[in-house]
Protein chains: 2
Amino acid sequence: MRAEKESAILQAAEAVFADYGYKGATTGMIAELAGIPKANLHYYFPTKEALYRRVVEHIFNIWLDAANSFDESDDPVEALSAYISKKMDISRDHPMGSKVWANEILHRAPVIQDYLETTLRDWTASRIAVINRWIAEGRIAPVDPQYLLYMIWATTQHYADFNHQIDTLNGGEPLSDAQFDRAKQTVIGIILAGIGASPAIARKEAAE
Amino acid sequence: MRAEKESAILQAAEAVFADYGYKGATTGMIAELAGIPKANLHYYFPTKEALYRRVVEHIFNIWLDAANSFDESDDPVEALSAYISKKMDISRDHPMGSKVWANEILHRAPVIQDYLETTLRDWTASRIAVINRWIAEGRIAPVDPQYLLYMIWATTQHYADFNHQIDTLNGGEPLSDAQFDRAKQTVIGIILAGIGASPAIARKEAAE
DNA sequence: AATGATCTTGACCGTTTGGTCAAGGCTTCC
DNA sequence: GGAAGCCTTGACCAAACGGTCAAGATCATT
C-alpha cells in the first residue's frame, strides 16, 4: 500500500529531522532508517523539502489536537489542567515531533511561517479573549494571558525539546512514568496556583 | 590584534550557528559576516568544530554568570526573582547564544555533554538542596524543586529560542521594552505565587 | 498469457562544503 | 635593507549530498 509506505518513510523522517535538523538530516539516513534505498524514497517524496513539509504538517495537526483540549470546559481550572496535561502527554509521546517544530521556529520558521500567521495567530487571539474574560469575571488573577500561554507552551514543550538534558540530570535515565506524572502535577499546580485559579498549596510547618 | 580578530569571528559564528544550526551554517557564511575570506577564518580556527566549541563555551559562561544570581539572597522571593530576572535579561540580550545552546541540546548535546554531566549537574543538585531547605522551613510550598527549575529554564529561555514565534504573534514586531518587562513580571509573579513564596495576586471583583 | 501501470534500485551527476596550499604581503628586529 | 615570522588570500581538492535515470521487477486487469 502506498499510504503505509509513505507513513513508514514519514516516521523515519521525523526521527532523523528531530535528531539532526533539516540540514543535518540526509535523505540517505532517512531511507536507511526506513529500510529502503535512497532512490526509492525519492520516488515517494520527490524532494527533501517536500518530505520535510509533510513531517511538519503532521506535527502541526498533533498540536491542533492538543489545542482543542483547551475548550473542554469553561472553568479555568478544568480547561487549563486539561490543556497542560494534554501538552505534557504529547511531549512524552511525540518528543520528536516537538523537536522538529522547535528546530523550525529556532531557524525562523522558513517552512511554516504561514501556519504561524494564520492558524496559530487566530487560535492564540481567541484564547487570550477567553482568559481575559476569566479575569474580568474574577475567576483568575489578572495576569497577562499572552505570557501565560507562552509559559505553558515553554514548560510543556521543554520536556520534549530538552529531554536529553533532563535525562542527563536524571542520572542518564529517562524520567519514569511516576516521575513524569509528578512533573506534570508540579507544572499544573504551580501554574494554577500562580494565577490564583486554585488555592495555593499549603506550606509546611517550619521545621523548628 | 589576534584577540580582537578572534572575537569578531566568534561573534559572527554565534549569529550564523544560531540561525542555521551546526550543519546548516557554513564557514563561508561566517567568514562573509566577519568580513574576511574563508581561508583566513581557517587560519584562526582550523576546523568548523573547533570554532563551534568556542562559541558553545562562551555561551556556557554566560549561563554560569546567570546561575550565580541564584545565590544573591537566601530569601526565596529575592533569590528566585533575581535569578528569573537575570535569565530573562539574557534571553533579551543574547538570544543567539541561547539558540545555539538549544540546538545543541535538541541534537543530544554531541559537543557539550561533558558540561551537562559535570558543571550543570553539580549546580542543579546544590540548588535543589537549597529549595528543599526552603520547603522544610515552610518558606515556600512543597513543590518538586527539579521541575520548578525546569519550569524556570524553559520559560525564560523561551523568550530567546522562540522569539520568532513571539514576534510573529506580536504582529511581526519584536516585543517592546515595556512588553518585555511585562512578560518578565508576569513570569516572576506566576512562579512566586505558584510556589506560595509571595501572596497570590488578588483577583478582580466579578464584573457583574 | 499479455499488456500496461506502478514500483524498485544501482549507478551516476552536478553542486556545495570543509579544508588545504602556495604565493605573496606586512611587521619587527638586527 | 634584509631576514624571519606572522598574516592574508585566490585557487584548488576530495568528500558528501540531493536528485536523476534507465533498466528491470512486480502487480492488476483482461
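No hydrogens, no waters, no symmetry mates; every other heavy atom, side chains included, goes into these values. Every chain is numbered from 1 and lettered A, B, ... according to where its sequence line falls, protein lines coming before strand lines. Note that the structure is a prediction, hence the values are computed from the model and not measured.
Separating the CD1 atom of A/I9 from the P atom of C/dT8 is a distance of 9 Å, rounded to the nearest angstrom. If you measure from atom OH of B/Y22 to atom P of D/dA16, you get 14 Å, rounded to the nearest angstrom. The distance from atom CG of B/L51 to atom P of C/dG18 is 11 Å, rounded to the nearest whole Å. Taking atom OH on A/Y52 and atom C1' on D/dG18, their separation rounds to 17 Å, with Å as the unit. For the pair B/E32 CD and D/dT9 C1', the interatomic distance rounds to 16 Å; values are reported in whole Å. Put simply, CD on A/E49 is 19 Å from P on D/dC17, counting in whole angstrom units. Following rounding to the nearest Å, A/L41 (CG) and D/dG18 (C1') show an atom-to-atom distance of 11 Å. Rounded to an integer number of Å, the gap from CD1 of B/I36 to P of D/dT9 is 8 Å.
Between D/dT8, C/dT8, D/dG18, one nucleotide has an atom nearer to the side chain of A/N40 than all others, and that is C/dT8. Taking every side-chain heavy atom of B/A39 into account, D/dT9 is the closest of D/dT8, C/dG19, D/dT9. Closest to the A/H42 side chain, of the nucleotides C/dG19, D/dG19, D/dC7, is D/dG19.
Between B/R2 and D/dC7, a side-chain N or O to OP1/OP2 separation shorter than 4.0 Å is present. Regarding contacts with the backbone of C/dT8, every side-chain N or O of A/Y43 stays at 4.0 angstrom or more from both OP1 and OP2. For B/T27, a side-chain nitrogen or oxygen approaches OP1 or OP2 of C/dG18 to under 4.0 Å.
Within a 6.0 Å radius of CD in B/Q11, other residues, nucleotides and ligands contribute 12 heavy atoms or fewer. Counting non-hydrogen atoms of other residues, nucleotides and ligands closer than 6.0 Å to CD of B/Q113 gives a total above 12.
Residue contacts shown for A/A50 are absent, as no nucleic acid heavy atom lies under 4.0 Å away. Contacts of B/K23 with the nucleic acid, taken as non-hydrogen atoms under 4.0 Å apart, are absent. Counting non-hydrogen atoms under 4.0 angstrom, B/Y44 reaches the backbone sugars and phosphates but no base. Using a 4.0 Å heavy-atom criterion, one finds that B/A31 contacts no nucleic acid atom at all. Here B/K38 lies in heavy-atom contact (under 4.0 Å) with a base.
In this structure, A/T27 OG1 and A/L41 CG are separated by 6.5 Å, a value rounded to the nearest 0.5 Å.
Salt-bridge annotation for B/R108 and A/D167: absent, with no side-chain N of the basic residue lying under 4.0 Å from a carboxylate O of the acidic one.
Within 3.5 Å, no donor on the side chain of A/K48 pairs with an acceptor on the base of D/dG19, nor the reverse.
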